[in-house]
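Residues take their numbers from the sequence shown, with the count starting at 1.
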Amino acid sequence: MAGKENNAELSINNYFDEGLADGTEPNNPFEILEPEQSKKKKVVKRNHIKRKRILVTLCILLILVLAAVIFIFIQHRRNDGQRYARKLSENIGKQINSAQKAAGITLNQRSSYSTLNNLYASYQAITESTKSCRIQGIKLPEWAIFLNTEADELTNVTYYNYELLEKNVFGTERKSYLDPYQIKVGTSAEEVETLLDLEPYRVQYLQGKTELREYRYCYEDGDTDEVVSYVITVVWDENGALTSISDTRRNYIGTLLASPEG
């Protein structure tokens, strides 16, 4: 029995000796080897997952970039007439061609809308929105900027926001009367608009950087059940401080119903 055990031991030693003799590592009889094909499949699967993750990341980045480009394009192309008016006002006193280039807009001698040409006769140049709105059935641009010149130099700029009156020709609807005299002299335009919670219907820039803004609003009188309309006019000096503020009640109904013979 002992001889058999020795022979078995020697044969195992010989197995390892033979493996080491030619410089290669002997096979481990107890090692479970995975098929070569299975390893390849795992590698391929890992690479596929990596590629998929990279593609998903690239798609997300592409969507974000496209969204940013579209947002910038819309911001650049939107009909922001007040912004153009301000740019033009910064060039009051300069040649009209220089003001046009600085604002990045095209000026025309006449409006595309006959109503504006009939209402505003004394202007030398105009630029207007490419989009239109309707006020009491009359088609108008959403906004328009009128420019006056003297010896081909820009003297004043006036911006009108017609879209503001599309919903209600009497002005922005409010619940009650807005007392403008509660606003203190020296208040900035931004503060005034926050307090009034109104957008300007008209903004006029004059020489000396004086700025005038007109706000229109209306409300229903609780005693008479009539719609009452007011115009608030505010003026700022060259430093952007409020110098005067006042309001006027407008009788639009009376104007509409009045007889031309009266």
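The side-chain heavy atoms of R86 and S89, taken from C-beta on, include a pair separated by under 4.5 Å. Using a 4.5 Å cut-off on side-chain heavy atoms (C-beta onward), F146 and L116 make contact. Residues V234 and L242 meet the side-chain proximity criterion, which asks for heavy atoms closer than 4.5 Å. Inter-residue side-chain proximity for L164 and W143 is flagged as unmet; no heavy-atom pair is nearer than 4.5 Å. The shortest side-chain heavy-atom distance between Y219 and S229 does not fall under the 4.5 Å cut-off. Annotation: side chain of D247 is not in contact with side chain of L178 (no heavy-atom distance under 4.5 Å). Residues Y84 and I145 have side chains in contact (heavy-atom distance under 4.5 Å, counting atoms from C-beta outward). Side-chain contact between L206 and L212: absent, with no pair of heavy atoms (C-beta onward) separated by less than 4.5 Å.
Distance check: E150 CD to I96 CD1 gives 12.5 Å after rounding to the nearest 0.5 Å. One distance of note links CG of L88 with OH of Y159; it measures 13.0 Å at 0.5 Å rounding. The CG atom of D80 sits 9.0 Å away from the NZ atom of K87 when rounded to the nearest 0.5 Å. Interatomic distance, L154 CG to N97 CG, rounded to the nearest 0.5 Å: 11.0 Å. For the atom pair OG (S112) and CD1 (I126), the distance works out to 8.0 Å, reported to the nearest 0.5 Å. A distance of 12.5 Å separates CG in L62 from OG1 in T57, rounded to the nearest 0.5 Å.
Here the rule is side-chain contact (heavy atoms from CB on, under 4.5 Å) with R216, and of R202, R250, E199 only R250 fits it.
Between the side chains of N117 and Y123, a donor-acceptor pair is found at a separation under 3.5 Å.
Other residues, nucleotides and ligands contribute over 12 non-hydrogen atoms within 6.0 Å of the CD atom of Q95.
Closest of all the heavy-atom pairs between D179 and Y177 is CA-CE2, 3.6 Å. Contact detail for V157 and A85: the closest heavy-atom pair is CG1-O, 3.9 Å. Here the shortest heavy-atom pairing between P200 and N161 reads O-CB, 3.8 Å. Annotation for P180 and I232: closest pair CB-CG2, 4.1 Å, computed over non-hydrogen atoms. When all heavy atoms are compared, the tightest approach of R134 to G137 is NH1-O, 3.0 Å. Of all non-hydrogen atoms in S176 and Y217, the two that sit nearest each other are O-CE1, 3.9 Å.
Looking at Y205, its side chain never comes within 3.5 Å of a backbone N or O of I92 through a donor-acceptor pair. Counting only distance, with no hydrogens or angles, the side chain of Q124 and the backbone of T149 share a donor-acceptor pair below 3.5 Å. Judged by distance alone, the side chain of N239 and the main-chain N or O of A241 form no donor-acceptor pair under 3.5 Å. Using a distance-only test at 3.5 Å, with no hydrogens or angles considered, a donor-acceptor pair links the side chain of W236 to the main chain of T187. E128 places no side-chain N or O within 3.5 Å of a backbone atom of P141 that could act as its donor or acceptor partner. Within the 3.5 Å criterion, the main-chain N or O of N148 finds a donor-acceptor partner in the side chain of T155. Judged by distance alone, the side chain of Q100 and the main-chain N or O of T106 form no donor-acceptor pair under 3.5 Å.
Residues I183 and Y230 share a single hydrophobic cluster, defined by chaining ILVMFWY side chains whose heavy atoms lie under 4.5 Å apart. Using a 4.5 Å cut-off between side-chain heavy atoms of Ile, Leu, Val, Met, Phe, Trp and Tyr, with links allowed through other members, L257 and I135 fall into the same hydrophobic cluster. One hydrophobic cluster holds both V169 and Y113 under the rule that ILVMFWY side chains link at heavy-atom gaps under 4.5 Å. Cluster annotation: L195 is connected to V185 through the hydrophobic network of ILVMFWY side chains, with a link wherever side-chain heavy atoms come within less than 4.5 Å. Linking ILVMFWY residues whenever their side-chain heavy atoms come closer than 4.5 Å, directly or via other members, leaves Y215 and Y162 in distinct clusters.
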Which is it for F170 and I253 under the side chain to side chain contact (heavy atoms under 4.5 Å, CB included) test, yes or no, and what are the steps along the way?
CA-CA 9 Å; F170 300 128; I253 295 296; 3.7 Å; yes
Under the side chain to side chain contact (heavy atoms under 4.5 Å, CB included) rule, what do R174 and C218 come out as? Steps first, then yes or no, please.
CA-CA 6 Å; R174 287 291 171 263; C218 64; over 6 Å; no
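By the 4.0 Å N-to-carboxylate-O rule, K131 lies too far from E163 to be salt-bridged with it. A salt bridge is defined here as a Lys NZ or Arg NE, NH1 or NH2 lying under 4.0 Å from an Asp or Glu carboxylate O, and K184 with E191 fails to meet this definition.
Between Y160 and Y120, the two ring planes are tilted [angle within 30° to 60°].
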